[in-house]
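Counting begins at 1 with the first residue of the sequence.
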Amino acid sequence: MNTKIKGELAEAKILTRLLETGQQVAIPFGDSQRYDLIVIGDDNKAIRVQCKTGWLRNGIIKFKTVSHNPFDWSNKGYLGEADVFMVYCFELDKVYQIDVSEVSHYKYCCSLRVDAAKNNQWLNIMWAKNYEY
């Protein structure tokens, strides 16, 4: 499966999970926005959702915190242009929600730990279970 189709499938899985939990969801027209979905919160506030595909490797779910422009090789973050990342991990069939502001300092990708670290590190770890949606 190519990466474009995989990304579209991840977005569909995230949309499905949002609808299953009773959320009101809107889809922006076109693809020129820096977010994929809009969720209307309980206070009628719009939450801009950037959908991401996560991949599980060695007990860690990784996902990109930037978009990549193949024409000039630049990476651009989402701070101020999306409110949350919603990440779908195919291997675990789970969705995770992380505030963009919480991970905006990562230059390229973020890691959510599923399994304990082999070196027994516990500090400064983002545990996947804390972000499950």
Assess whether side-chain contact (heavy atoms from CB on, under 4.5 Å) is satisfied between Arg17 and Gln23, documenting all intermediate values.
CA-CA 9 Å; Arg17 193 68 48 89; Gln23 298 298 315; over 6 Å; no
Tell me, do Gln50 and Val87 make a side-chain contact under 4.5 Å, heavy atoms counted?
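Result no, sub-4.5 Å side-chain heavy-atom pair not found.
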Any heavy-atom pair between the side chains of Lys64 and Tyr108 that's under 4.5 Å?
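A side-chain contact exists here, since the closest heavy-atom pair is under 4.5 Å.
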Indicate, with yes or no, if [Y] and [X] share a hydrophobic cluster defined by side-chain heavy-atom contacts under 4.5 Å among Ile, Leu, Val, Met, Phe, Trp and Tyr.
X	Y	result
Ile60	Ile125	no
Val100	Tyr96	yes
Ile98	Val49	no
Leu112	Val114	yes
Ile47	Ile27	yes

Gap separating the OG atom of Ser111 from the CG atom of Asn58, nearest 0.5 angstrom:
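Taking OG in Ser111 and CG in Asn58, the distance rounds to 10.5 Å.
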Taking the six-membered ring of Phe90 (Phe, Tyr or Trp), confirm whether the NZ or CZ of Lys6 is under 6.0 Å from its centre and within 45° of its axis.
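Judged by the rule (NZ or CZ under 6.0 Å from the ring centre, within 45° of its axis), Lys6 counts as positioned above Phe90.
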In chain order, what residues pass the side chain to side chain donor-acceptor pair (under 3.5 Å) check against Arg48, with sequence neighbours excluded?
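Asp83.
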Side chain to side chain contact (heavy atoms under 4.5 Å, CB included) partners of Ser104, counting only residues at least two apart
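Checked Ser104 against side chain to side chain contact (heavy atoms under 4.5 Å, CB included); matches are Leu79.
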Residues which pass side chain to side chain contact (heavy atoms under 4.5 Å, CB included) with Asp31, listed by chain and number, not counting sequence neighbours
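None.
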Keeping Asp99 on the side-chain end and Ser101 on the backbone end, is there a donor-acceptor pair under 3.5 Å?
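Checked: no pair found.
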Counting N and O atoms only, with roles assigned by atom type, does the side chain of Thr65 sit under 3.5 Å from a partner on the main chain of Cys110, one being a donor and the other an acceptor?
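Judged by distance alone, no pair lies under 3.5 Å.
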Enumerate, atom names and distances included, each donor-acceptor pair closer than 3.5 Å involving a side-chain atom of residues 37-45, sequence neighbours excluded.
| residue | atom | partner | partner atom | Å |
| --- | --- | --- | --- | --- |
| Asp43 | OD1 | Lys45 | N | 3.1 |

Intermediate values then yes/no, salt bridge (Lys or Arg N to Asp or Glu O under 4.0 Å), Glu91 and Arg57
CA-CA 10 Å; Glu91 294 87 353; Arg57 298 290 182 276; 3.5 Å; yes
How close do [X] and [Y] get, counting heavy atoms only, and between which atoms?
X	Y	result
Ile61	Cys89	CG1-SG, 4.2 Å
Pro28	Gln33	CB-CG, 4.1 Å
Thr53	Gly7	OG1-CA, 3.7 Å

According to ring-ring contact (aromatic ring centres under 6.0 Å, His included), who are the partners of Phe85, at least two apart in sequence or on a separate chain?
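With neighbours one apart ignored, the set is Phe63, Tyr78.
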Pairs satisfying side-chain hydrogen bond (donor to acceptor under 3.5 Å, both in side chains), at least one member in residues 123-133, at least two apart:
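Non-adjacent pairs meeting side-chain hydrogen bond (donor to acceptor under 3.5 Å, both in side chains): Thr21-Tyr133, Lys94-Glu132, Glu102-Tyr131.
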So does Lys52 pair up with Glu11, basic N to acidic O under 4.0 Å?
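Not counted as a salt bridge, because no side-chain N and carboxylate O are separated by less than 4.0 Å.
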